Student: 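Would you mind keeping the following structure in view while I ask a few things?
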Amino acid sequence: MPVNATPTKAKQLRALLDPAKLDFIMEAHNGLSARIAEDAGFRAVWASGLSISASLGVRDNNEASWTQVLDVAEFMADATTVPILIDGDTGYGNFNNFRRLVQKLEQRDIAGVCVEDKIFPKTNSFLRGEAQPLASIDEFCGKIKAGKDAQKDGDFVIVARTEALIAGWGQAEAIRRAEAYRVAGADAIVIHSAQAKPDEVLAFLEVWANRHPIILIPTKYYTTPTEVFAARKVSAVIWANHLMRSALTAMQATAARIHKEQSVAGVEEVIAPLREVFRLQGDEELKIAEDRFLAATPRRSAVILAATRGGGALHPLTATVPKTLLRVGGVSLLDRLCDNLNAINVREIAVVAGYRKEAIVRTGIGRVDNKDWETTGEIASLALAAAAINGPGVIVFGDILCRRYILQALLEDDADLVIAADRTIRRDGARDLVKLGAPPAHAFIDADAQVAAADFSADHAAFDAEWIGVLKYSAGGAEAVKTWLKAAAIRPDFAKLGMIDLIADLQKSGRVVKVHVISGDWTTIESAVDLAGASNL
Ligand code: SPV
Ligand code: MG
């Protein structure tokens, strides 16, 4: 082993058996309580049979199967860096069951097991203790030997526990058994007692005379100062069930109070805050690991231009709401757009509002207000949201309805500037026109298309497609857009500029504007007829 390597858990537990120093082993019954025990400073954890059964809602009578207990212990071992000494009860059967248990415990990094000389299925020592039969010494010694023989790691600890005092078999029998178990190979002995005074345990220790490590479980003789055990060179004391019992008291009080008050307000201040839960779960480590191993989800932004009321044809419908809040199929254009954007991982959405701006409320969006919406155009609105243009992202008109795949394809295109244009161009009402490039004319992606500026005078027949009102920008594209916006701000026609001017200008300045050529699957709302037709989408 390298000099500074942490000793194995089994080695750590073995070190605790040193009689020169009294150590304390804290009970736990699941991953959380085990971690709490380690956090408190304990250098080993007792996986108590009583506490694990109780927390599973069953009796300490081997009602939980050994593999169920093993699973709990595995969570405990995973949650801690200190060794776990598990309560192995009687070993769940004869020598054969016990040696298999030992192998499985080692596989799950449990550092040691305590096995007691009763008969499967056992009963807790504090319940009808005197009535409980003990295993024969020979049978139990065979079990210890089989366990020692099965363990792969020489440091794995097997503790033999005698119940002779509890069963009322007397001091001599207790010594006889402990000695036989020592000779059989046990690494330590638990001498258990159900008396409120330590007298019988101290009498045992007197005779025992430190011939082998001793572990005590002073659940009943708890008033004895631990110096008394230290003075007698006891190796370790197990606090066997106190986390389970304290959790039980706390849970009963909390449940009763919440039930009575029909509110959790009263308990909020007195229970652990969620951040403590997350800390104990080790969330901090996951955050670091995510930074290292998880492909970063791209931050995507969007600016939605939604300042207008819409033309006169829509006025009966937009008396109290902006155009973007018109509903299609019961959902507003804006909500549908935001839902679609959220679904494709666009999380930062700025909405430029103007007419009836106060009606635009949606959690998760940032609203930017254009108070001059009546006298200014799309670019004036966009300029107000310039800080929100961070690539990759999209600028979208708030009055369009389009299928999600169109937005997704644009966002997944790495080019700096990408638009979608519909080749099923509306010959009469088309707003923003595109002339597709040279053949292949039916390509779906066109990097040579010409975008016409808004003030074009050519007739519609000269154009092949209509821009749908979505511009995708990369990080570089975003910078180009923002630079253009800065320059445009001093133009005399600034207030009148539209998005198509921006796109055409960028193209004229030599930037490639890539076009996704689509056929339908979107619409813009200019009239009540458009609105009615939109529900077909
Ligand atoms: C346990 O914690 O399950 C024990 C200790 O075995 S005792 O309950 O004292 O028997
Ligand atoms: Mg037990």
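Just so you know, these numbers use all the heavy atoms, side chains as well, and skip hydrogens, waters and symmetry mates. Order of appearance sets the numbers: ligands from 1, and atoms from 1 within every ligand. Computed from a predicted structure; not experimentally measured.
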Student: Check for me whether D87 has a heavy atom closer than 4.0 Å to any atom of ligand 1.
Tutor: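 Yes, D87 has heavy atoms under 4.0 Å from ligand 1.
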Student: Is the number of heavy atoms from other residues, nucleotides or ligands under 6.0 Å of E268 CD greater than 12?
Tutor: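 12 or below, so no.
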Student: Using a 4.0 Å cut-off to any heavy atom of G49, which atoms of ligand 1 qualify?
Tutor: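 Ligand 1 atoms under the 4.0 Å threshold to G49: 1 (C), 3 (O).
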Student: So is L50 polar-close to ligand 1, meaning N/O to N/O under 3.5 Å?
Tutor: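 The answer is yes, given that L50 and ligand 1 share an N or O pair closer than 3.5 Å.
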Student: Should the pair H242 and W239 be assigned to parallel (<30°), tilted (30 to 60°) or perpendicular (>60°) ring geometry?
Tutor: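 Taking W239 first and then H242, their aromatic rings stand perpendicular (interplane angle over 60°).
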Student: Can you find an N/O atom of F126 closer than 3.5 Å to an N/O atom of ligand 1?
Tutor: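 No.
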Student: Measuring from atom CG of L16 to atom CZ of F42, what distance do you get when rounded to the nearest 0.5 angstrom?
Tutor: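 Answer rounded to 0.5 Å: 11.5 Å.
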Student: Do any N/O atoms on S48 end up under 3.5 angstrom from N/O atoms on ligand 1?
Tutor: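 Checking ligand 1 against S48, an N or O pair does fall under 3.5 Å apart.
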Student: Going by distance only, is there an N or O of E116 that falls short of 3.5 Å from an N or O of ligand 1?
Tutor: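 Min N/O separation from ligand 1 is not below 3.5 Å for E116.
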Student: Distance under 4.0 Å to a non-hydrogen atom of S125: what atoms of ligand 1 satisfy this?
Tutor: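 Going through ligand 1 atom by atom, the ones under 4.0 Å from S125 are 10 (O).
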Student: Name the closest protein heavy atom to atom 8 (O) of ligand 1, giving the residue it belongs to and the distance to 0.1 Å.
Tutor: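 Minimum-distance protein heavy atom for atom 8 (O) of ligand 1 reads N124 ND2, 3.0 Å.
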Student: How far is atom 10 (O) of ligand 1 from the closest protein heavy atom, and which atom is that?
Tutor: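 Nearest protein contact, heavy atoms only, for atom 10 (O) of ligand 1 is R161 NH2, 2.8 Å.
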Student: What count do you get for protein N, O or S atoms closer to the Mg ion (ligand 2) than 2.8 Å?
Tutor: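 Protein heteroatoms (N, O, S) closer than 2.8 Å to the Mg ion (ligand 2) number 1.
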Student: What protein heavy atom sits nearest atom 7 (S) of ligand 1, and how far off is it?
Tutor: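 Result: H192 NE2, 3.7 Å.
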Student: Are M244 and S48 close enough that some pair of their side-chain heavy atoms sits under 4.5 Å apart?
Tutor: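 Result no, sub-4.5 Å side-chain heavy-atom pair not found.
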Student: Does the residue E27 have a heavy-atom contact with ligand 1, meaning some pair of atoms that are separated by less than 4.0 Å?
Tutor: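 In this structure, E27 fails to qualify as a contact of ligand 1 - no heavy atom is under 4.0 Å.
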